[in-house]
Amino acid sequence: GIVLMSMTSCQANGFKYQINGTLPDESWDGETLYLTDMATSEVIDSAVIEGATYQFDGKAAQEALCQIKFGRPAVRFVLEKGQMTVDHEVMAVKGTAMNDSIHNYITEMYTLMQAATTEEEWTKMACKFSTPILKANADNLFGTYVLWFTMWQAQPKGEDFDNLLAVAGESSKSFAPIQSFIERNE
C-alpha cells in the first residue's frame, strides 16, 4: 500500500511544462493551437499564436504522448517535465530526454526513408532500425512512440508487423492509436 500511495501522490502533484515554438512566417497570427492527448484526443492546453511565436505553459498530471496540430501536419511528442522547443523542420520537439531521443529517431528515419528505393525496402529498413529501439524502450513512452511512428510511416504487414509487436511493451500495444493498427492487421 505504501508504494501505491507514494506513486499516487507524485502523480497528484504533477509537473510543469513549457513548449515554445516559432513558425516559419506570421500567416497563423491570432490562430489558436491545441495540445491534445494522442490516446484520448482530450485537449490539455491551448495557445494563441502571436506573430509567428506561441507558448504552452502549464501543469500536467502525468507524462503522455501528445500532439499539436497545425492544420493537417502535427507535431507529436512526449509531454514531460521541462522546457521544450518545437522544431518545425523535423516536426518534432527538443529539450527533454525522451523528446531529444524522438527527435534523433525521426531524423534518422527520414534519412532511411530517402535512401529507400521502394516501399518494401523502406518498410524493411524502418522495422530493422526500430526493433532494437523498441526492445530497449519497451516500458516507456519513447518505445510507444517508436512503435506508433513505425506503423504509421512504414505500414508493416505480416511478419514485419508481428516482429515489432513481439518486442513492444504491453502499454505500447494498448495505446489507442496502435490498437487501430492491430485491428486492421488481424
Side-chain angles (χ1 to χ4, degrees), residues 3-4 7-8 10-11 14-15 17 19 35-44 60-69 72-82 84 86-87 90-116 118-186:
V3 173
L4 187 61
M7 283 173 55
T8 306
C10 284
Q11 288 182 348
F15 59 88
Y17 63 85
I19 306 161
L35 171 64
T36 59
D37 185 309
M38 281 181 66
T40 64
S41 299
E42 176 188 342
V43 174
I44 297 167
Q62 62 188 25
E63 292 178 345
L65 280 175
C66 293
Q67 61 186 2
I68 303 169
K69 289 187 177 178
R72 186 135 171 81
V75 172
R76 296 174 179 96
F77 61 99
V78 175
L79 181 63
E80 59 183 331
K81 180 180 181 177
M84 296 160 268
V86 177
D87 176 346
V90 180
M91 292 302 278
V93 169
K94 296 190 281 193
T96 56
M98 265 194 268
N99 286 306
D100 287 349
S101 294
I102 289 170
H103 188 277
N104 293 338
Y105 169 78
I106 291 173
T107 302
E108 189 62 35
M109 286 289 274
Y110 286 148
T111 302
L112 291 174
M113 191 186 292
Q114 290 170 345
T118 66
E119 288 286 323
E120 189 177 315
E121 183 185 19
W122 156 238
T123 298
K124 295 282 183 207
M125 290 166 74
C127 292
K128 183 179 180 185
F129 177 70
S130 298
T131 298
I133 298 169
L134 274 172
K135 277 184 188 172
N137 293 279
D139 299 330
N140 65 42
L141 288 173
F142 177 44
T144 302
Y145 183 94
V146 168
L147 182 62
W148 169 81
F149 190 86
T150 306
M151 290 184 168
W152 176 58
Q153 284 290 329
Q155 311 263 319
K157 307 255 183 294
E159 190 179 342
D160 290 327
F161 185 86
D162 294 342
N163 290 340
L164 286 172
L165 282 184
V167 298
E170 289 307 313
S171 60
S172 296
K173 292 180 214 175
S174 64
F175 181 59
I178 291 171
Q179 278 292 304
S180 63
F181 288 116
I182 293 170
E183 288 164 14
R184 275 185 269 168
N185 277 276
E186 284 178 342

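Below, each value reflects all heavy atoms present in this structure, side chains not excepted, and no hydrogens, waters or symmetry copies. Residues: numbered from 1 along the sequence shown.
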Atom pair CG (Asn185) and OG (Ser180), whose distance is rounded to the nearest 0.5 Å: 10.0 Å

One should read off an interatomic distance between Ser171 OG and Ile178 CD1, to the nearest 0.5 angstrom, of 8.5 Å

Taking all atoms of both residues into account, what is the closest heavy-atom pair of [X] and [Y], and its distance?
X	Y	answer
Glu108	Phe129	CG-CZ, 3.2 Å
Met125	Ala116	SD-CB, 3.8 Å
Val90	Tyr110	O-CE1, 3.8 Å
Val75	Phe77	O-CD2, 3.8 Å
Gln67	Ala74	OE1-CB, 4.3 Å

Going by ring-ring contact (aromatic ring centres under 6.0 Å, His included), name the residues that satisfy it together with Phe175, two or more places apart in sequence or in a different chain. none

Partners passing salt bridge (charged side-chain N to carboxylate O under 4.0 Å, His left out) against Lys69 (at least two apart in sequence or in another chain): none

Is any side-chain heavy atom of [Y] closer than 4.5 Å to one of [X]?
X	Y	result
Phe161	Arg184	no
Ile19	Leu35	yes
Glu63	Phe15	yes
Cys66	Thr36	no
Cys127	Leu164	yes
Asp37	Leu65	no

Applying side-chain contact (heavy atoms from CB on, under 4.5 Å), can you list everything that pairs with [X], at least two apart in sequence or on another chain?
X	result
Lys94	Asp87, Asp100, His103
Glu120	Thr118
Pro73	Phe70, Met91
Val167	Thr131, Leu134, Lys135

Test of understanding: with side-chain hydrogen bond (donor to acceptor under 3.5 Å, both in side chains), list the residues that count as partners of [X], not counting sequence neighbours.
X	result
Tyr145	none
Thr96	Glu80, Asn99
Lys81	none
Ser172	Thr144

For residues 165-179, which residue pairs qualify under salt bridge (charged side-chain N to carboxylate O under 4.0 Å, His left out), counting only residues two or more places apart or in two chains? Glu170-Lys173

Pairs under 3.5 angstrom only: tabulate donor-acceptor contacts from the side chains of residues 151-160 to other protein residues two or more places apart or in another chain.
from, atom 1, to, atom 2, distance (Å)
Gln155, NE2, Trp152, O, 3.0
Asp160, OD1, Lys124, NZ, 3.3
Asp160, OD2, Lys124, NZ, 3.1

Taking atom CG of Asp162 as the centre, report whether more than 12 heavy atoms of other residues, nucleotides or ligands fall under 6.0 Å from it. yes

CA sep, side-chain torsions, deciding dist, call: Ile102, Val93, side chain to side chain contact (heavy atoms under 4.5 Å, CB included): CA-CA 8 Å; Ile102 289 170; Val93 169; over 6 Å; no

Name the orientation class of the two ring planes belonging to Tyr105 and Phe142 (parallel below 30°, tilted from 30 to 60°, perpendicular beyond 60°). perpendicular

Backbone N/O of Asn140 and side chain of Asn137: donor-acceptor pair under 3.5 Å: no

